[in-house]
*Asks:* 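One structure coming up, written as structure tokens, with questions to follow.
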Amino acid sequence: MFTLLPAIDVSRGSLAVWTRDGPRALTVHGGDPLAAAAAFVGAGARWLHVVDLDLAMGGTPAAEGVVRSIVQAHPTVAVQASGGIATATEAERFVGAGAARVVLGSAGLTDEAATLEVLASLGDRCVVGLEVDGDRIAPRGRRQTAAPLDLMATVGWLSAVGARAFLVTSVGRVGSREGADVELIRRVVRAGRPTLAAGGIDGIADLRRIRDAGAVGAVVGTAALEGSLDLAEAVAWAEA
């Protein structure tokens, strides 16, 4: 089954979107992450992807309360927490808030010891995030690496040390709805690990291409929030 994960990006407790200048507040759903979660669950979503933009920008975890509230309000829905998570301590805070899975942020991958600690601590509950620009892993936010990592060399190393799954994001397409980078997805899928895709996703035709490229699921952001993707229809397609 193909899994859809509608994204809820949070900054200072409110819905936001990533921009090169930092988080920008959104007015959809009244800016309320819990209202967005309720709408997504109402459309049939079984997973939600919560992004802590404040942590991604180099601050401290600020979306734990949102994760906890979603899990309490919707106990049948699983939450995947993301947003610059780089250490086992940060990851475990989100697990403690009720997250079923945590995405290890790309910016943390230059610290091999910390990466190994997160993988060992979380096991199947860890998805490794790969924010990609061309052939390089290029994290967004203030936790940027001094030198971008080679994508496939890093994927190979991560697979060898026990990474269970990947979330590959085409950073140049985030928020654009211009279509997913299918070739990028295929390259990561070849590593033989379950792979989720994100960035540029617009509609069901796009999701079909992502599935055909070998991905097991997709994180949908702007399209789901702004309504160009009928989430209920997309969930029905994914589960058919």
Side-chain angles (χ1 to χ4, degrees), residues 3-41 45-109 114 118 121-122 125-131 139-144 165 167 169 171 174-175 196 198-199 217-222 224-226 231:
T3 303
L4 287 181
L5 300 92
I8 299 173
D9 290 16
V10 181
S11 178
R12 298 182 180 180
S14 298
L15 280 177
V17 64
W18 169 268
T19 74
R20 294 184 182 276
D21 298 321
R24 175 174 59 82
L26 293 177
T27 58
V28 63
H29 298 296
D32 183 357
L34 302 184
F40 291 154
V41 173
R46 299 178 186 272
W47 278 87
L48 298 175
H49 179 77
V50 176
V51 184
D52 190 331
L53 291 180
D54 296 321
L55 178 60
M57 291 296 292
T60 57
E64 295 167 69
V66 172
V67 171
R68 184 174 291 107
S69 295
I70 290 173
V71 171
Q72 291 173 347
H74 307 285
T76 63
V77 172
V79 172
Q80 177 172 280
S82 183
I85 298 167
T87 68
T89 298
E90 291 170 350
E92 287 163 3
R93 288 179 66 171
F94 284 101
V95 171
R101 283 198 310 236
V102 174
V103 178
L104 172 62
S106 294
L109 298 180
V118 173
S121 173
L122 297 186
R125 295 175 299 171
C126 181
V127 176
V128 179
L130 306 170
E131 293 186 298
R140 296 168 291 168
R142 292 176 184 168
R143 290 185 165 191
Q144 297 174 1
L167 167 59
T169 302
V171 297
V174 172
L196 303 169
V219 174
V220 291
T222 304
L225 278 172
E226 296 184 350
L231 187 60

*Asks:* Could you tell me if the side chain of F40 sits less than 4.5 Å from the side chain of V220, heavy atoms only?
*Replies:* no
*Asks:* Which atoms form the tightest heavy-atom contact between A45 and V77, and what is the distance?
*Replies:* O-CG2, 3.8 Å
*Asks:* Could you tell me whether the side chain of T27 and the main chain of G30 form a donor-acceptor pair under 3.5 Å?
*Replies:* no
*Asks:* For W47 and R101, what are the C-alpha separation, side-chain angles and deciding distance, and is it a side-chain contact (heavy atoms from CB on, under 4.5 Å)?
*Replies:* CA-CA 10 Å; W47 278 87; R101 283 198 310 236; 3.6 Å; yes
*Asks:* Would you say L4 and R46 make side-chain contact, with heavy atoms under 4.5 Å?
*Replies:* no
*Asks:* As an exercise, state the distance from CG of L196 to NE2 of H49, rounded to the nearest 0.5 Å.
*Replies:* 9.0 Å
*Asks:* Does any non-hydrogen side-chain atom of V50 lie less than 4.5 Å from one of P33?
*Replies:* no
*Asks:* Taking the side chain as everything from C-beta on, heavy atoms only, tell me whether V102 gets closer than 4.5 Å to V127.
*Replies:* no
*Asks:* Go through the steps for L130 and L109 under the test side-chain contact (heavy atoms from CB on, under 4.5 Å), then give the verdict.
*Replies:* CA-CA 9 Å; L130 306 170; L109 298 180; 4.1 Å; yes
*Asks:* With side-chain contact (heavy atoms from CB on, under 4.5 Å) as the test, would you mind laying out the steps for M57 and W18 before giving the verdict?
*Replies:* CA-CA 10 Å; M57 291 296 292; W18 169 268; 3.1 Å; yes
*Asks:* Determine the minimum heavy-atom distance between V67 and A97, stating which atoms define it.
*Replies:* CG1-O, 3.9 Å
*Asks:* Distance-only, no hydrogens or angles: does the S106 side chain make a donor-acceptor pair with backbone N or O of G129 under 3.5 Å?
*Replies:* yes
*Asks:* Can you see which heavy atom on A7 is nearest to which on V219, and at what distance?
*Replies:* CB-CG1, 3.8 Å
*Asks:* Would you name the heavy atoms of E92 and S121 that are closest together and state the gap between them?
*Replies:* OE2-OG, 2.6 Å
*Asks:* Kindly indicate, with the supporting measurements, whether the criterion side-chain contact (heavy atoms from CB on, under 4.5 Å) is fulfilled by L15 and I8.
*Replies:* CA-CA 7 Å; L15 280 177; I8 299 173; 3.6 Å; yes
*Asks:* May I have all residue pairs that pass side-chain hydrogen bond (donor to acceptor under 3.5 Å, both in side chains) and include part of residues 63-75, sequence neighbours excluded?
*Replies:* E64-R93
*Asks:* With respect to C126, which candidate in V95, V103, L104 satisfies the side-chain contact (heavy atoms from CB on, under 4.5 Å) definition?
*Replies:* L104
*Asks:* Which residues pass the side-chain contact (heavy atoms from CB on, under 4.5 Å) test with D54, not counting sequence neighbours?
*Replies:* S11, R12, D52, A62
*Asks:* Taking all heavy atoms of A86 and all of G108, pick out the closest pair and write down the distance.
*Replies:* CB-CA, 3.9 Å
*Asks:* OG of S14 to CG of D9: how many Å apart, nearest 0.5 Å?
*Replies:* 12.5 Å
